[in-house]
Structure formats: C-alpha cells, structure tokens
J.: 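There's a structure below that I have some questions on.
Basis for what follows: all heavy atoms, side chains included, without hydrogens, waters or symmetry-related copies.
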Amino acid sequence: GRAGVEQAKVLHPDVIIMDANMPEMDGFEATSLILKDNPEAYVIMMSIQNGDDIMTRVLCFGLFGVI
C-alpha cells in the first residue's frame, strides 16, 4: 500500500489496480491517499473477500465495484 501511494505521486496514473488486503496499509487507506492527490484516477479494487461489507466499503470510497 505505501509503495503504491509513493508510486502514484510520481507517476500520476489514470488507472490503478488495487488489492483490498495488503500489509502495512490496506487498499482502502492507500486508495484514499492516492485519490487526494489524483482525484481523476480510476481505481479497480480486487479482493478475495465477498459480501455486503466489502461492497459497502468500496462504494463509500466512490469506487464502482470490486473484482
């Protein structure tokens, strides 16, 4: 997560593929920090989790869905 945030600051990507579960910083926290600096980016969130909880978190971050 932390490495992704740092890379996004340098690269300013248009599309980001993010895993929800990562060590040190989860994908939701990383996505929040990235979108503060790059609100135009589209984030595709991946997760092995299933259910309403993960979808609720995804939608709260303004993402459109989860793979």
Side-chain angles (χ1 to χ4, degrees):
R2 291 189 199 283
V5 171
E6 294 305 315
Q7 287 295 312
K9 287 179 183 178
V10 173
L11 300 172
H12 303 284
D14 294 323
V15 178
I16 300 164
I17 299 173
M18 181 71 68
D19 190 348
N21 300 309
M22 294 182 288
E24 296 183 29
M25 179 185 297
D26 70 20
F28 294 100
E29 185 178 358
T31 296
S32 177
L33 293 172
I34 290 169
L35 291 178
K36 283 182 183 176
D37 289 337
N38 188 5
E40 303 294 318
Y42 288 95
V43 178
I44 300 168
M45 183 74 70
M46 299 184 317
S47 178
I48 61 169
Q49 298 174 4
N50 192 3
D52 292 339
D53 181 54
I54 191 78
M55 285 304 297
T56 300
R57 289 187 74 190
V58 165
L59 295 174
C60 285
F61 274 85
L63 307 177
F64 298 104
V66 65
I67 297 174

J.: Residues two or more places apart in sequence or in another chain: which of them pass salt bridge (charged side-chain N to carboxylate O under 4.0 Å, His left out) with Glu24?
T.: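 Glu24 satisfies salt bridge (charged side-chain N to carboxylate O under 4.0 Å, His left out) with Arg2 once adjacent residues are dropped.
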J.: Report, one line per pair, each donor and acceptor closer than 3.5 Å where one atom sits in a side chain of residues 10-22; sequence neighbours left out.
T.:
| unit_1 | atom_1 | unit_2 | atom_2 | d |
| --- | --- | --- | --- | --- |
| His12 | NE2 | Lys9 | O | 3.0 |
| Asp19 | OD1 | Asn21 | N | 3.2 |
| Asn21 | OD1 | Gln49 | NE2 | 3.1 |

J.: Treating Thr31 as the side-chain partner and Gly27 as the backbone partner, does any N or O pair qualify as donor plus acceptor under 3.5 Å?
T.: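 Looks like yes, one N/O pair under 3.5 Å.
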J.: With side chain to side chain contact (heavy atoms under 4.5 Å, CB included) as the criterion, how do Val43 and Ile34 come out once you've worked through the C-alpha distance, each side chain's angles and the decisive distance to 0.1 Å?
T.: CA-CA 10 Å; Val43 178; Ile34 290 169; 5.6 Å; no
J.: Side chains of Met25 and Leu33, heavy atoms from C-beta outward: is any pair under 4.5 Å?
T.: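 They are in side-chain contact.
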